[in-house]
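To start, the structure itself, in structure tokens.
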There are 2 protein chains.
Amino acid sequence: MNKKEIQEQRVKGYFIEATKEILKSEGLKSVSVRNIADRAGYSFATLYNYFKDVKDLVFLCVKDFRAECSEYVTAHTAGVTPGNRRLKATVLAYMEYFIQYPGIFELFFVEKLSEVDNKGNTTGLVTSLLTELCAADWKYCIDKRMLTAREATLKQAALLYSITGLLTLYLNRRYPESYSAFLKQAGQLIDGQLKN
Amino acid sequence: MNKKEIQEQRVKGYFIEATKEILKSEGLKSVSVRNIADRAGYSFATLYNYFKDVKDLVFLCVKDFRAECSEYVTAHTAGVTPGNRRLKATVLAYMEYFIQYPGIFELFFVEKLSEVDNKGNTTGLVTSLLTELCAADWKYCIDKRMLTAREATLKQAALLYSITGLLTLYLNRRYPESYSAFLKQAGQLIDGQLKN
DNA sequence: CAAATATATTGAACACTGTTCAAAAAACAG
DNA sequence: CTGTTTTTTGAACAGTGTTCAATATATTTG
């Protein structure tokens with residue numbers, strides 16, 4: 001039945017929305033079956049009629065947050081000169097988003113998936129985001145003969161790993177100790193990767 | 001009394017040893033108060049007479065693992081030509097150690113500390129390890145006029161972030177998908193950072 | 001050595017976690 | 001309204017970390 005499917009999607013949406021709210025406000029540590037269900041207005045047991053387990057539900061949020069992060073970055077880099085300038089602005093905005101929502105960083109890069117969740121393919125969604133956001137500017141640099149395609153691929157990978165590492169250390173270990181020091185490191189990192 | 005202190009350190013050692021065993025074999029997910037106490041031969045309640053909470057105990061393992069990792073790396077880079085060659089070998093051995101013990105990577109870079117645990121200063125122990133292991137070779141490169149001191153500092157930081165990010169993505173998201181692809185990325189990353 | 005005191009160890013209890021399942025409630029069909 | 005199907009639900013179970021009063025073990029004292 002179509003009606004059933006619509007209603008099912010609606011209820012699923014309530015649970016997903018509740019989970020996203022908790023992730024953005026209190027973070028991953030506060031995400032629990034009872035907590036989600038309370039916010040969604042259902043019993044905790046109802047959750048299991050719509051999702052096979054809580055991890056399944058949690059990782060369904062990745063798609064939405066990916067889109068939100070994408071919008072955040074494009075909104076904060078509108079009007080910046082294409083090429084290296086916008087590349088740097090893009091990466092900085094990307095980091096800003098996760099600094100603002102540490103729970104989403106945890107969800108994207110830290111929290112273990114349940115088991116073979118090849119369906120959602122979280123890894124692909126997560127790792128392709130920065131690549132996608134930078135794609136136009138890498139292409140710009142290649143077209144302007146500032147880089148070869150191979151160099152761009154290498155730099156893009158290096159940038160993804162560096163940024164992920166810096167965010168990991170800052171969010172989990174407060175390293176560097178201050179936000180200004182973090183920003184300085186981020187700047188040096190990006191400049192270092194783009195130079196030459 | 002000195003006798004009391006010796007005995008206290010002994011019992012503490014039993015708990016720490018038990019925790020380290022679990023971390024190396026089953027990983028962080030299997031570390032629980034009851035699990036540790038069972039292995040140590042005590043009741044779970046006894047643990048709280050020696051440590052303020054389980055996180056306190058867990059992070060006391062960092063010091064030992066740091067030393068172990070250090071030994072692992074120096075043992076696996078003995079006889080390698082100093083400079084860029086040994087720098088690369090050092091970083092690769094450093095990664096190997098965490099690939100071998102993913103639970104220790106989690107402990108070092110992921111697991112949240114309880115509260116202000118400034119006493120143990122986990123962050124310092126963790127972030128200074130790679131720096132320490134590479135120090136002699138950076139110095140070598142500077143002395144040989146291959147790098148300026150400032151360049152070395154920048155490259156050292158970039159390397160720490162890249163390596164941490166690559167390990168994070170590989171251990172938590174299986175990205176890249178195979179170990180051989182991971183090693184290839186690691187090689188490219190190190191070469192890229194060391195070049196020029 | 002025996003009694004009194006101090007210390008160490010312990011299990012019960014509490015509040016949480018995720019998950020399952022049979023019973024109750026609601027929706028739908030005839 | 002009755003009978004059937006679907007949805008929702010709380011009880012229950014096995015886990016988690018932590019606290020605390022009771023017990024068992026050492027140590028000191030008479």
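Per chain, numbering begins at 1; letters A, B, ... match sequence-line order. This structure is a prediction, so every number in the text was calculated from the model and none was measured.
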Taking ring-ring contact (aromatic ring centres under 6.0 Å, His included) as the definition, give me every residue that meets it alongside B:Tyr97, ordered by chain and number, with sequence neighbours left out.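 Partners of B:Tyr97 by the ring-ring contact (aromatic ring centres under 6.0 Å, His included) criterion, ordered by chain and then number, come out as B:Tyr72, B:Tyr101.
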Which protein N or O atoms sit under 3.5 Å from an N or O of nucleotides 7-9 of chain C?
{"residue": "C:dT9", "atom": "OP2", "partner": "B:Tyr50", "partner atom": "OH", "Å": "2.5"}

So which pairs with a foot in residues 29-42 of chain A pass salt bridge (charged side-chain N to carboxylate O under 4.0 Å, His left out), sequence neighbours left out?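 Sorted result for residues 29-42 of chain A: A:Glu21-A:Arg39, A:Glu26-A:Arg39.
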Those residues that, when tested against B:Ser162, pass side chain to side chain donor-acceptor pair (under 3.5 Å) (two or more places apart):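 B:Ser162 satisfies side chain to side chain donor-acceptor pair (under 3.5 Å) with A:Ser162, B:Gln193 once adjacent residues are dropped.
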Residues forming a side chain to side chain donor-acceptor pair (under 3.5 Å) with A:Ser32, sequence neighbours excluded: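 In terms of side chain to side chain donor-acceptor pair (under 3.5 Å), with neighbours along the sequence ignored, A:Ser32 is linked to no residue.
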Do the ring centers of B:Tyr42 and B:Phe15 come within less than 6.0 Å of each other?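 Between B:Phe15 and B:Tyr42, which both carry aromatic rings, the centre distance is below 6.0 Å.
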Test of ring centre spacing under 6.0 Å for A:Tyr179 and A:Phe182: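 Yes.
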Picking from A:Asn121, A:Ile104, A:Val126, what satisfies side chain to side chain contact (heavy atoms under 4.5 Å, CB included) with A:Val62?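 The residue from A:Asn121, A:Ile104, A:Val126 that satisfies side chain to side chain contact (heavy atoms under 4.5 Å, CB included) with A:Val62 turns out to be A:Val126.
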Go along nucleotides 12-24 of chain C 5' to 3' and tag each nucleotide: B for a protein heavy atom under 4.0 Å from its base, S when only backbone or sugar atoms are that close, - otherwise. BB---SBBBB---
